[in-house]
Engineer: 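Have a look at this one.
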Protein chains: 2
Amino acid sequence: MIVIGELINGMYKDVGKAIANKESDVIQHLAADQVMAGASVLDVNTGPYSQNPKDDMKWLIETIQGVVQVPLALDSTKADVIEEGLKLVAKRAIINSTNADEAKMAVIFGLAKKYNTQVIGLAMDKSGVPNSKEKRLELAAAIVAKAMEFGINAEDLFLDPIVLPLNVAQAQGSEVLESIREFRLLCDPAPNTTIGLSNVSQGTKFRPLVNRTFLTMAVANGLTSAILDPLDKELMDAMITAELVLNKAIYCDSFLEAYRKR
Amino acid sequence: MIVIGELINGMYKDVGKAIANKESDVIQHLAADQVMAGASVLDVNTGPYSQNPKDDMKWLIETIQGVVQVPLALDSTKADVIEEGLKLVAKRAIINSTNADEAKMAVIFGLAKKYNTQVIGLAMDKSGVPNSKEKRLELAAAIVAKAMEFGINAEDLFLDPIVLPLNVAQAQGSEVLESIREFRLLCDPAPNTTIGLSNVSQGTKFRPLVNRTFLTMAVANGLTSAILDPLDKELMDAMITAELVLNKAIYCDSFLEAYRKR
């Protein structure tokens, strides 16, 4: 499982403030803590209030790379902000994200090819988030096909079926879970799959319980990556155990500790 | 989800002692507590040390039915012990269990027809527990076919793929999970599926974590029943949440409480 730590995002109040005031210790602690807790990639998002997202992206990357050496997922709707970041990354990056729109894919896959990155592909287009697994599969297939035109391998894609909050789109839960299973069958070698996990529990009363239950179910359906809060220990325990059930790590009595020591 | 409470089993020390000494309050508390916690069926097993399993089975059934009105799963390897119980049950019972052996099926399905019961069918035969999902499916199909010969509907079967301990048969975890999915496709209307959950964590260090993770993954694969400890609150919370994700209950902020009030 590729765990993408979600916490370095300017939409969180403390992080937004740290970016505005260039408080590098706040960012570096978040980076180190997430990696210690099991994140293998860190998401980097300047947030909605950034006055100068290009400069903020550059500062975040340099600040993070001062303490940890992991791939970064550059998270922005603006291609020029992502490109500024791509010039600075020390490890092979992930672009977060493209959707299935032709124009968007052309720009993002162009950048991915130029800078040799991986790409998160959202199964949505201009008309929004699909409400069926069939439409999700159609959009995911369009993303894979376009990536291939650009010479990008399916294994370098992270297809995201778009998780919706359980309390407003309950029927979408099983559509998303089945989509994860179906996306893996699009080609061989299979594309990666990912989800923005915390969205599922948005507005619900027992957020950690909903998050870890959904993640466990997604792992059962073959999920290979998730964007989540790695500091939620019970969430990580559930994920580690679900992967153990699928034989992705060898059982030992101290399997939780063993995973974290990797 | 049909939760079959596993606690009234003479293999547990306190229960074995209560059966031997005819301590009805111990049994009645276990019965009432399990039903309060969400069990819709209670398993009844006199245990390996019973001197007179027929009498013990009768005493257990009468004792349980003195406090709760739920279906019972009569759990014995001896058909005559089960039949003694079937004469006494107040609600439609489940026979726990047959396997795929011809002779065993003939006896158990004969009883099931005579007493109008449901049946748990274990996907194993004289050669033991299969080590592949293909073999499990073959045995499950044989059970469904034999049940149909006896005029028993697939919906009245609970097919059990046989869960093995993660620490000794780790590769079987995903075989069992996929079997749950495949058993449901054997016919339409689909047979029920069940698992003896606690077996998965036998001998492991974090038993409750392993149990609730495996159950959540099994629900994601379409499991419709499980034999488990309903007094494990975190386990039940995980199950309730997993079913909510699959839209089997309507979301409300107090969804955990709502389930338990049913």
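Proteins get letters first, then strands, A, B, ... in listed order; numbering begins at 1 in each.
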Engineer: When rounded to the nearest 0.5 angstrom, what is the spacing between CD in Glu234(B) and CD in Glu234(A)?
Structural biologist: 6.0 Å
Engineer: Answer yes or no: does atom CG of Asp14(A) have more than 12 heavy-atom neighbours from other residues, nucleotides or ligands under 6.0 Å?
Structural biologist: no
Engineer: Heavy-atom pairs under 4.5 Å with chain B are the metric here; pick the option from Val200(A), Val176(A), Ile250(A), Val168(A) that has the most.
Structural biologist: Ile250(A)
Engineer: Mind checking the CD-OG1 spacing from Glu243(B) to Thr213(A)? Nearest 0.5 Å is all I need.
Structural biologist: 11.5 Å
Engineer: Is it the side chain or the backbone of Leu177(A) that comes within 4.5 Å of chain B heavy atoms, both, or neither?
Structural biologist: side chain
Engineer: For the CZ atom of Phe206(A) and the CG atom of Leu256(B), what is their distance to the nearest 0.5 Å?
Structural biologist: 4.5 Å
Engineer: Heavy atoms only, distances under 4.5 angstrom: which of Ala242(A), Ser254(A), Gly173(A), Ser174(A) has the most pairs with chain B? Name it, please.
Structural biologist: Ala242(A)
Engineer: Applying the side-chain contact (heavy atoms from CB on, under 4.5 Å) criterion to Met217(B), which one of Val245(A), Thr241(A), Asn221(A) satisfies it?
Structural biologist: Val245(A)
Engineer: Where is the tightest heavy-atom contact between Gln170(A) and Tyr251(B), given as atom of each residue plus distance?
Structural biologist: OE1-N, 2.8 Å
Engineer: What part of Glu175(A) lies closer than 4.5 angstrom to a heavy atom of chain B: side chain, backbone, both or neither?
Structural biologist: neither
Engineer: Quick check for you: to the nearest 0.5 Å, what is the distance between Leu244(A) atom CG and Leu166(B) atom CG?
Structural biologist: 5.0 Å
Engineer: Check whether Ala169(A) gets within reach of chain B through its side chain, its backbone, both or neither, counting any heavy atom under 4.5 Å.
Structural biologist: neither
Engineer: Test of understanding: with salt bridge (Lys or Arg N to Asp or Glu O under 4.0 Å), list the residues that count as partners of Lys17(A), not counting sequence neighbours.
Structural biologist: Glu23(A)
Engineer: Where on Gln172(A) is there a heavy atom nearer than 4.5 Å to chain B: the side chain, the backbone, both, or neither?
Structural biologist: neither
